Amino acid sequence: MCLKKSSSLYLVFHSDRITFFFYSGHNNVILCITGQSENEILAYTISGIYVIKVCMMAKKKKKGTIRQYLETPVYWGVFWAALSVIIYLVNPKAGCVLMIAAALYIIVSLGIYLKVKKGILQRMIDYGSQYGLAQRQLLYELEVPYALLEENGKILWANEAMAEIFQGKNPKNKNVLELLEDMHPEYLQFDETDKNEVQIEYDEKIFNAVFRELSLKETAEDGEFPLLDEGEGTIVCMYLFDETQVQNLMKETRDEKLVTANIYIDNYDEVLQNVEPTRRTLLVALIDRRINIYFSEYDGIVRKLENDKYFVMFKTKYISKMQSNKFSVLDEVKTVNLGNGMPITISIGIGMGGKTLQESYELSTAAIDMALARGGDQAVLKDGNKVYYYGGKSKSVEKNTRVKSRVKATAFRDLIETKSEIYIMGHQIGDNDSFGASIGVYRICKTIGKKAHIVLGDMSSSVKELVEAFQDAEGYEDDFFVSGPEALERLDKNDALIVVDVSRADYTEYPELVRQAQCIVVFDHHRQTTDGIDHAQLSYVELSSSSASEMVVEIMQYINETVKLTKMEAEALYSGIMVDTNNFSDRTGVRTFEAAAYLKKSGADITRVRRMFREEMSDYKARATAIQNAEIYMDFYALSTYIPNGLEVSPTVVGAQAANELLNVKNVKASFVLTPYHDQVYISARSDDKVNVQTIMEEFGGGGHMNLAGAQVKDSSVEEVLERLKQAIKQKVEEGEL
């Protein structure tokens with residue numbers, strides 16, 4: 001095919017036909033006439049996307065109402081000629097007369113057909129051209145911004161409304177990908193549908209952009225489009241609907257929606273105990289004033305429900321400001337001091353995103369429960385299913401009262417009495433605290449008269465010695481210890497599952513048990529996370545407890561039955577407290593030593609318990625290797641990686657012990673040891689009371705305490721996890737969180 005141009009006339013020579021194009025630059029209209037011979041004419045007028053095609057063929061059959069109308073007299077002439085022949089055979093004279101009449105009819109019909117055909121074709125071409133111009137003018141003046149694009153984004157044509165969007169400049173021949181910053185090439189790619197709809201921002205306006213794919217071959221109706229090679233040709237139609245006002249109104253509606261919040265004073269009773277009676281009223285008034293001043297800046301309403309509880313309402317639009325200052329009221333309240341020995345801390349639970357005010361209130365209630373379960377001194381924002389945490393820098397305050405323990409013990413007894421059998425399970429790679437708490441719960445269940453089983457899997461070396469001792473001891477059933485699959489097979493709908501020292505299903509010894517159990521009880525002393533077990537019938541989470549073993553010892557003292565521990569059971573519980581307190585040096589309180597004294601009275605041999613923690617030489621050397629590999633990051637953070645050599649009993653225990661040792665290095669605020677084990681990377685994190693390592697471990701899907709936490713990372717190498725850890729520490733430091 002070749003193209004020749006003369007003025008506004010274009011001639012395209014095909015292998016089998018010639019095409020003439022008449023181009024009017026002023027109106028941007030093309031008139032196309034093409035044909036294989038002088039008797040075959042195809043006419044097109046093109047304006048925008050409208051293509052009108054007229055076919056008039058004398059020698060080739062074509063469907064069409066006008067053609068049939070014009071050719072019908074000719075057909076009738078043929079009919080009369082045939083009829084005259086038949087009549088001639090019957091009556092020659094009559095046949096001759098009819099033949100002469102038929103011949104005259106045919107001659108006149110052909111004359112009329114040949115004369116009228118050219119005029120009709122000309123009028124149809126004129127009509128098509130005028131129709132296309134009218135359509136193009138209407139489209140050009142259409143108030144909806146509209147443009148035609150090539151597949152690469154180049155603008156072929158745009159109407160007046162589209163030009164106004166681009167400051168009145170004609171965007172023709174420019175690329176839409178360059179004009180619109182939010183525009184992406186994938187918007188012009190179509191799969192099974194021929195329509196893409198996205199939101200685009202341009203010049204402080206918001207547009208709903210609609211892209212449609214248009215095939216020129218299909219538009220030309222019958223045959224291919226003359227300007228394109230056979231089988232090719234698509235363009236993209238782009239519409240821009242201005243939704244700025246709609247989006248602004250929607251944003252205003254969201255911003256004006258009310259948010260509810262609950263505020264609790266974490267250590268109200270403990271603080272007032274250390275303040276003179278004459279100053280207590282003033283201290284409470286100062287706390288009230290701090291809270292009221294903070295929320296009055298955000299047009300909030302504060303109502304005091306009890307001495308240590310407040311209810312707040314404010315508009316959603318202020319949430320972003322509170323987030324930017326990280327709920328500074330948490331720190332402002334701590335500055336209130338009238339002789340109180342400990343700083344005052346508060347917890348805030350905020351609920352938003354509910355369809356009704358009642359739903360938002362329920363979200364705020366769940367948020368405050370989560371804040372308290374995480375140790376207090378923090379704000380928890382629950383936006384639907386999303387949860388955001390702020391603060392949490394203070395150490396949990398130990399409660400001297402045991403009212404909560406007594407209430408939970410009574411509820412636990414009432415629940416267990418209705419069940420057939422009890423299954424007790426701790427966390428993966430069970431340690432002494434997990435095992436000791438399981439033994440304590442087992443003895444409580446036996447005292448109540450219920451059959452109980454402990455679910456075991458991988459465990460640390462010191463726990464293995466205890467397990468072997470229980471297996472050899474008399475007085476325990478053969479199914480005292482069961483594996484996870486065995487427990488799952490035997491679990492009945494009337495059985496109960498007790499989860500100790502962990503509150504996350506994925507971290508338990510056998511997660512499938514949590515998903516299948518109808519009744520679940522949770523005893524844990526770690527800070528709660530978003531993915532905790534949320535369908536437990538009874539959940540007792542006490543952050544101030546040193547260990548799960550300590551919690552179980554308190555519960556057995558309020559079970560309304562005299563729980564008699566064997567010497568071995570008392571030693572198992574004692575060893576759990578020793579492990580989690582690092583030999584009674586970390587996170588210990590009055591209740592910790594009271595629990596230890598109770599176990600001592602029950603026959604626990606302290607010397608024998610200490611012998612349990614003697615190490616193999618290989619473990620000792622492994623810990624020394626982990627310490628030797630440590631580096632100091634950003635002056636205050638010790639980071640180390642330990643690759644197991646196969647000689648140690650439990651690599652994860654080695655990592656935890658090394659993290660404890662690194663914390664003794666001068667100027668080290670926090671230590672992290674990474675250990676690959678069973679296709680995962682285990683992180684052991686330790687810190688002093690100035691750094692909250694739990695918030696760092698939560699970014700890796702883990703959790704724990706403020707100064708003792710950990711995580712298990714899947715599908716990553718040690719190097720990748722170490723780099724992520726460094727970035728997390730750096731970000732926390734830059735944000736002032738560490």
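Just so we're clear, the structure is a prediction, and the values are computed from it rather than from any experiment.
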Visitor: Rounded to the nearest 0.5 Å, how far does CG of N267 lie from CD of Q273?
Guide: 10.5 Å

Visitor: State plainly whether the residues E631 and K726 are in salt-bridge range, i.e. N to O under 4.0 Å.
Guide: yes

Visitor: Got more than 12 heavy atoms from elsewhere within 6.0 Å of NZ, K304?
Guide: yes

Visitor: ring-ring contact (aromatic ring centres under 6.0 Å, His included) between F593 and F584: does it pass, once the steps are laid out?
Guide: CA-CA 9 Å; F593 290 102; F584 295 94; 5.7 Å; yes

Visitor: Taking atom types as modelled, is there a side-chain donor on D377 or T345 under 3.5 Å from an acceptor on the other?
Guide: no

Visitor: Do F412 and F523 have side chains that approach each other closer than 4.5 Å (heavy atoms only, starting at C-beta)?
Guide: yes

Visitor: Against E554, only a single residue in S405, S549, S545 fulfils side chain to side chain donor-acceptor pair (under 3.5 Å); can you say which?
Guide: S405

Visitor: With K326 as the cation and Y390 as the aromatic partner, state whether NZ or CZ is under 6.0 Å from the six-membered ring centre and within 45° of the axis.
Guide: no

Visitor: Check whether any side-chain heavy atom of S328 sits under 4.5 Å from a side-chain heavy atom of Y294, and report yes or no.
Guide: yes

Visitor: So do the side chains of I696 and L725 get within less than 4.5 Å of each other, counting heavy atoms only?
Guide: yes

Visitor: Quick one: list whatever passes side-chain hydrogen bond (donor to acceptor under 3.5 Å, both in side chains) with Y310, sequence neighbours left out.
Guide: D288

Visitor: Kindly indicate, with the supporting measurements, whether the criterion side-chain hydrogen bond (donor to acceptor under 3.5 Å, both in side chains) is fulfilled by S347 and D266.
Guide: CA-CA 7 Å; S347 295; D266 300 323; 2.6 Å; yes

Visitor: Please test N707 against S687 for side-chain hydrogen bond (donor to acceptor under 3.5 Å, both in side chains), starting from the C-alpha separation and ending with a verdict.
Guide: CA-CA 5 Å; N707 49 7; S687 72; 5.6 Å; no

Visitor: Out of curiosity, S503 OG to I533 CD1, how far, rounded to the nearest 0.5 Å?
Guide: 6.5 Å

Visitor: So does R413 pair up with E417, basic N to acidic O under 4.0 Å?
Guide: yes

Visitor: Between Q727 and E723, does any side-chain donor sit less than 3.5 Å from a side-chain acceptor?
Guide: yes

Visitor: Hey, is the main chain of E509 close enough, under 3.5 Å, to the side chain of Q428 for a donor-acceptor pair?
Guide: no

Visitor: Quick one, T675 and V673 - any side-chain contact, counting heavy atoms below 4.5 Å?
Guide: yes

Visitor: Checking T418 side chain against L415 main chain: does a donor-acceptor pair fall under 3.5 Å?
Guide: yes

Visitor: Check K386 with D383, please: is the shortest side-chain N to carboxylate O separation under 4.0 Å?
Guide: no

Visitor: Using side chain to side chain donor-acceptor pair (under 3.5 Å) as the criterion, point out the one residue from D524, D433, T508, D501 that pairs with H427.
Guide: D501

Visitor: Taking the side chain as C-beta and beyond, is there a heavy-atom pair between M322 and F295 under 4.5 Å?
Guide: yes

Visitor: With heavy-atom distances below 4.5 Å as the criterion, would you say the side chains of C519 and K419 are in contact?
Guide: yes

Visitor: Could E512 and R515 be called an ion pair, given the rule that one side-chain N must be under 4.0 Å from one carboxylate O?
Guide: yes

Visitor: Can you find a heavy atom in the side chain of F207 that is under 4.5 Å from one in the side chain of E243?
Guide: no

Visitor: Is any side-chain N of the basic residue among E699 and K732 closer than 4.0 Å to the acidic one's carboxylate O?
Guide: yes

Visitor: Quick test of your reading of the model: are K315 and E256 salt-bridged, counting only N-O distances below 4.0 Å?
Guide: yes

Visitor: Nearest 0.5 Å please: distance from the CG atom of L663 over to the CZ atom of R686.
Guide: 9.0 Å

Visitor: Are N262 and S364 close enough that a side-chain donor and a side-chain acceptor fall under 3.5 Å?
Guide: yes

Visitor: Which distance, rounded to the nearest 0.5 Å, do you find between the CD of E542 and the OH of Y540?
Guide: 5.0 Å

Visitor: Is any side-chain heavy atom of M352 less than 4.5 Å from a side-chain heavy atom of E359?
Guide: no

Visitor: As an exercise, state the distance from CD1 of I200 to NZ of K205, rounded to the nearest 0.5 Å.
Guide: 14.5 Å

Visitor: What's the separation between atom CD in E297 and atom CG in N325, rounded to the nearest 0.5 Å?
Guide: 8.5 Å

